[in-house]
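Chain letters run A, B, ... following the sequence lines, proteins first and then strands; every chain starts at 1.
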2 protein chains.
Amino acid sequence: MARVCFPNSELDWGTMAGTYEAQNCTLARALELIGERWTLLIIRDAFYGVRRFNHFRDHLDIPRAVLVERLATLVDNGLFVREQDPDHAARHLYDLTPLGRDLWPALHALLSWGTRLAGPNQLRFVHVTCGTEIDDHGDCPACHVNPPPADIATEPRDGKARGRTDAVAVALRQRHTLLQPLDAVL
Amino acid sequence: MARVCFPNSELDWGTMAGTYEAQNCTLARALELIGERWTLLIIRDAFYGVRRFNHFRDHLDIPRAVLVERLATLVDNGLFVREQDPDHAARHLYDLTPLGRDLWPALHALLSWGTRLAGPNQLRFVHVTCGTEIDDHGDCPACHVNPPPADIATEPRDGKARGRTDAVAVALRQRHTLLQPLDAVL
DNA sequence: TCAGTGAGGTTCGTTTTCCGAACCCGAGTG
DNA sequence: CACTCGGGTTCGGAAAACGAACCTCACTGA
């Protein structure tokens with residue numbers, strides 16, 4: 001797995017490989033892990049509760065080999081853990097680690113920015129304890145708190161959520177709390 | 001410029017090309033514009049005040065052809081404007097539009113997340129009116145406001161900001177307000 | 001006025017990555 | 001004991017990134 005060359009502001013990584021303490025451009029460092037194509041969409045799906053290889057595959061229409069590679073680097077870098085499915089010997093489960101979950105603010109900020117391009121997101125993000133939709137900063141305007149993803153649920157913005165027919169897309173037509181495994185519904 | 005295929009949650013873009021209103025996955029839409037390699041680093045440099053082709057080039061060590069292409073799509077998509085330099089007929093200036101500036105929260109969130117990987121960023125982001133370093137949410141903990149980028153300045157975290165020797169990197173060793181053109185210092 | 005320089009690109013050949021279809025193998029199922 | 005499903009690997013073609021060379025225009029200085 002060749003090192004992706006995302007140069008930073010002040011230091012050359014070619015000569016500094018490994019010395020993370022002296023590193024300054026943390027954006028470049030972040031992009032080295034999550035800046036590749038598909039990666040952020042895989043992480044989004046993980047927040048939605050997707051855990052299995054084929055569910056990522058079906059929902060994203062991503063080439064198998066690319067998904068294998070992305071999941072491997074996400075596991076290598078500590079954003080995901082891969083474990084055996086206790087109920088099915090032949091299955092694996094991919095779960096976000098705390099490091100991966102910490103990406104929620106960045107993910108939500110990008111998603112919010114996207115609404116400036118394409119209008120509101122078809123899935124609403126609501127605070128589970130009060131049902132209010134969270135704002136662009138990720139805050140609940142009713143409770144004046146910044147809920148973590150586990151306190152946020154998705155629901156279709158209006159009734160006409162249509163289009164994809166894969167199992168994940170269908171399951172997300174019901175209200176669903178982030179990070180809750182979708183496996184049960186599938 | 002082929003359409004980058006970032007599939008969304010519910011709709012297939014192949015069949016929905018152009019109908020942005022019916023679009024739901026705004027993250028996929030956002031990544032279509034800023035998810036390609038180098039793009040977010042170019043935008044970061046624009047926040048730092050970089051405006052000229054060769055300054056992006058020198059600071060990022062990006063291949064010329066790639067930079068040409070990225071700037072063109074950023075202009076096409078309304079994140080940057082390209083204008084003549086009034087003082088030098090042979091120069092162009094690239095500036096962030098309001099749409100591009102709206103990316104600041106997402107950019108800062110990613111940068112903050114990167115500190116969990118590599119330790120603190122070498123550049124600090126401080127609230128210009130009080131000098132306090134802004135927190136992970138982009139808020140000023142002293143003033144309890146969420147300053148826009150124009151109210152945020154960068155300064156080296158400690159004296160030993162070293163490494164790159166290009167003009168932009170050197171200029172950024174002085175305190176500098178975001179979005180203020182660096183041209184004067186260069 | 002004319003060589004030299006810097007700015008912003010093009011062009012081109014090589015290497016890397018992406019893509020999609022086909023194949024594979026172990027575990028459960030009927 | 002055939003069949004399917006889950007999670008991959010392999011392979012050949014297409015696209016993108018890369019880096020070095022080249023090119024044109026505007027200014028500069030002698």
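Annotation: A/F125 is in aromatic contact with A/W104 [ring centroid separation under 6.0 Å].
Across the protein-nucleic acid pair, B/I62 atom CD1 and D/dA16 atom P stand 15 Å apart, rounded to whole Å. Per the geometry, CG belonging to A/D85 stands 15 Å off C1' belonging to C/dG26, to the nearest Å. In this structure, A/L60 places its CG atom 15 Å from P of C/dC18, rounding to the nearest Å. Atoms CG (A/L67) and C1' (C/dC19) sit 14 Å apart, rounded to a whole Å. B/E36 has its CD atom 21 Å from the P atom of C/dT16, to the nearest Å. The distance between atom CD of B/Q84 and atom C1' of D/dC25, rounded to the nearest whole Å, is 11 Å. Between the CZ atom of A/R37 and the C1' atom of C/dT16 there is a distance of 15 Å, rounded to whole Å. At whole-Å resolution of the value, CD in A/E69 and P in C/dT16 are 14 Å apart.
Phosphate contact (OP1/OP2 of D/dA16, side-chain N/O of B/W38, threshold under 4.0 Å): absent. Regarding contacts with the backbone of C/dC18, a side-chain N or O of A/R70 is found under 4.0 angstrom from either OP1 or OP2.
Across B/I42, B/D45, B/L182, a single residue satisfies side chain to side chain contact (heavy atoms under 4.5 Å, CB included) together with B/H59, and that is B/D45. Results of the side chain to side chain contact (heavy atoms under 4.5 Å, CB included) test with B/Y48 over B/T177, B/L179, B/L172 single out B/L172 as the only residue that passes.
Looking at A/E133 and A/R157, a side-chain N of the basic residue comes within less than 4.0 Å of a carboxylate O on the acidic one, giving a salt bridge. Electrostatic pairing of B/R52 and B/D183 does not count as a salt bridge here, judged by no charged N lying under 4.0 Å from a carboxylate O. Between A/R164 and A/D61, at least one side-chain N (NZ, or NE/NH1/NH2) sits under 4.0 Å from a carboxylate O, which counts as a salt bridge.
You'll find that the side chain of A/A89 is closest to C/dA27, out of C/dG20, D/dA17, C/dA27.
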| task | Do nucleotides 1-13 of chain D as a string where each nucleotide becomes B, S or -: B if the base has a protein heavy atom under 4.0 Å, S if just the sugar-phosphate does, - if no protein is that close. | result | -----SBBBB---
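Closest approach of A/H127 to A/T129, counting heavy atoms only: CE1-OG1, 3.0 Å.
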